[in-house]
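Each chain gets a letter, A, B and so on, in the order the sequences are listed, and its residues count up from 1.
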There are 2 protein chains.
Amino acid sequence: MTTEETSALFKALGDQTRLRILALLSLREHCNCELVSIFGISQPAVSRHIARLKESRLIHERRQGQWVYYSLNRALWEQLPSFPHMVEDLVAHDPLVRHAKTTVAQCSLPGE
Amino acid sequence: MTTEETSALFKALGDQTRLRILALLSLREHCNCELVSIFGISQPAVSRHIARLKESRLIHERRQGQWVYYSLNRALWEQLPSFPHMVEDLVAHDPLVRHAKTTVAQCSLPGE
DNA sequence: CGGGCACATAAGGATATAATTATAAACAGA
DNA sequence: TCTGTTTATAATTATATCCTTATGTGCCCG
């Protein structure tokens with residue numbers, strides 16, 4: 001994952017309603033209207049949260065008749081790297097971090 | 001972690017500059033002015049990012065004379081639960097999720 | 001003391017986010 | 001086709017975020 005993809009993932013997770021949606025979808029699939037009645041927010045609001053989670057590929061959707069059932073993308077969810085591993089990835093691949101690693105910072109250093 | 005604390009943690013991580021700061025601090029401690037020269041943004045901007053990371057207890061600071069050296073809170077960082085574990089925690093402890101789990105969601109309510 | 005350096009905080013502005021209402025699109029069934 | 005239901009998108013508004021410049025605070029040293 002690039003730094004941009006990583007921050008986008010965390011942004012998608014940085015909302016209480018979206019976290020609760022993921023928790024509910026980890027138990028079973030739900031349609032949009034069920035989530036509306038659970039959270040007490042408008043249908044478009046739920047739809048927007050779902051869209052953000054789909055952009056990060058965190059959930060799948062299954063159309064059945066006029067309903068759309070959402071479910072957790074378990075393959076992706078369970079394979080997300082641990083926090084320490086994510087930072088290791090940044091150190092290894094982020095150009096700015098790699099560059100800073102091998103460069104002397106430009107502020108006046110104590111003891112020099 | 002409560003749902004609010006979890007979303008606050010993810011919000012703190014949902015920024016490329018803050019992710020890079022964490023990556024740099026995982027290698028060694030840095031002072032504010034070093035980060036300014038690395039990122040090419042203003043000193044107050046760095047200070048605000050640092051403040052946000054401190055609010056989530058992700059970094060420590062060590063004062064030495066007029067400098068403040070920041071470092072990764074490794075004890076916290078390495079003990080952060082995995083993504084699947086976080087969702088399990090939400091399912092177990094979030095009141096709204098727990099309630100929804102034992103309630104039949106209704107879509108179109110008749111008579112309204 | 002007082003000046004200079006490092007960091008924190010405040011104020012202001014541009015952009016992003018998340019909610020709402022209104023509307024469009026897709027589908028089922030009479 | 002017409003009607004009702006479900007979901008997606010558009011427009012709007014309020015709030016949050018992130019940057020800048022300006023200013024305040026704390027420490028070192030002359």
Any [X] side-chain N or O less than 4.0 Å from OP1/OP2 of [N]:
{"X": "B:Ser42", "N": "D:dT20", "result": "yes"}
{"X": "A:Lys54", "N": "D:dT7", "result": "no"}
{"X": "B:Arg63", "N": "C:dA6", "result": "no"}
{"X": "A:Lys11", "N": "C:dA16", "result": "no"}

Problem - N/O donor-acceptor pair under 3.5 Å between A:Arg20 side chain and A:Asp15 backbone - result: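 Side chain of A:Arg20 to backbone of A:Asp15, a donor-acceptor pair under 3.5 Å: no, none is there.
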
Practice task
For B:Ser47 and B:Gln43, indicate whether the former's side chain and the latter's backbone hold a donor-acceptor pair under 3.5 Å.
Solution key: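 No, B:Ser47 side chain to B:Gln43 backbone: no donor-acceptor pair under 3.5 Å.
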
Problem - Donor/acceptor link under 3.5 angstrom from B:Gln43 side chain onto base of C:dA8 - result: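 Per atom types, the contact qualifies.
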
Practice task
May I ask you to say what B:Tyr70 touches in the nucleic acid, namely base, sugar-phosphate or nothing, with a heavy-atom cut-off under 4.0 Å?
Solution key: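 If one applies the 4.0 Å heavy-atom cut-off, B:Tyr70 turns out to touch the sugar-phosphate alone, with no base involved.
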
Rounded interatomic separation in angstrom, taking [atom1] from [X] and [atom2] from [N]:
{"X": "B:Ile41", "N": "C:dA8", "atom1": "CD1", "atom2": "P", "answer": "13 Å"}
{"X": "B:Arg62", "N": "C:dA6", "atom1": "CZ", "atom2": "P", "answer": "16 Å"}
{"X": "B:Gln16", "N": "D:dC19", "atom1": "CD", "atom2": "P", "answer": "11 Å"}
{"X": "A:Phe39", "N": "C:dA18", "atom1": "CZ", "atom2": "C1'", "answer": "14 Å"}
{"X": "A:Tyr69", "N": "D:dT7", "atom1": "OH", "atom2": "C1'", "answer": "13 Å"}
{"X": "A:Trp67", "N": "D:dT7", "atom1": "CH2", "atom2": "P", "answer": "9 Å"}
{"X": "B:Asn32", "N": "D:dT25", "atom1": "CG", "atom2": "C1'", "answer": "14 Å"}
{"X": "A:Glu61", "N": "C:dA26", "atom1": "CD", "atom2": "P", "answer": "14 Å"}

Exercise for the section: Could you point out which residue of A:Tyr70, A:Trp67, A:Tyr69 forms a side-chain contact (heavy atoms from CB on, under 4.5 Å) with A:Asn32? Expected result: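 Among A:Tyr70, A:Trp67, A:Tyr69, the one meeting side-chain contact (heavy atoms from CB on, under 4.5 Å) with A:Asn32 is A:Tyr70.
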
Handout entry: Nearest-0.5 Å distance, CG of residue A:Leu13 to CG of residue A:Leu80
Key =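 Reported value, rounded in 0.5 Å steps: 8.0 Å.
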
Practice task
Count the heavy atoms of every other residue, nucleotide or ligand shown that sit under 6.0 Å from CD of A:Glu4, and state whether that count exceeds 12.
Solution key: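 No - once you tally the heavy atoms of other residues, nucleotides and ligands closer than 6.0 Å, there are 12 at most.
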
Out of [options], which has the shortest distance to the side chain of [X]?
{"X": "B:Thr17", "options": "D:dC19, C:dC7, C:dA8", "result": "D:dC19"}
{"X": "B:Ala45", "options": "D:dC18, C:dA10, D:dC19", "result": "D:dC19"}
{"X": "B:Arg52", "options": "D:dC18, D:dT6, C:dT20", "result": "D:dC18"}
{"X": "B:Arg48", "options": "D:dT6, C:dT9, C:dA18", "result": "C:dT9"}
{"X": "B:Asp15", "options": "D:dC18, C:dA8, C:dG4", "result": "D:dC18"}
{"X": "B:His49", "options": "D:dC18, C:dA19, C:dC7", "result": "D:dC18"}
{"X": "B:Ser47", "options": "C:dC7, D:dT6, D:dT9", "result": "C:dC7"}

Practice task
Using the closest heavy atom to pick a nucleotide of DNA chain C for each, name whichever of B:Ile50 or A:Gly14 lands nearer the 5' end.
Solution key: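 Result: B:Ile50.
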
Problem - Side chain proximity check, B:Leu9 to B:Met86, heavy atoms < 4.5 angstrom - result: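 In contact.
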
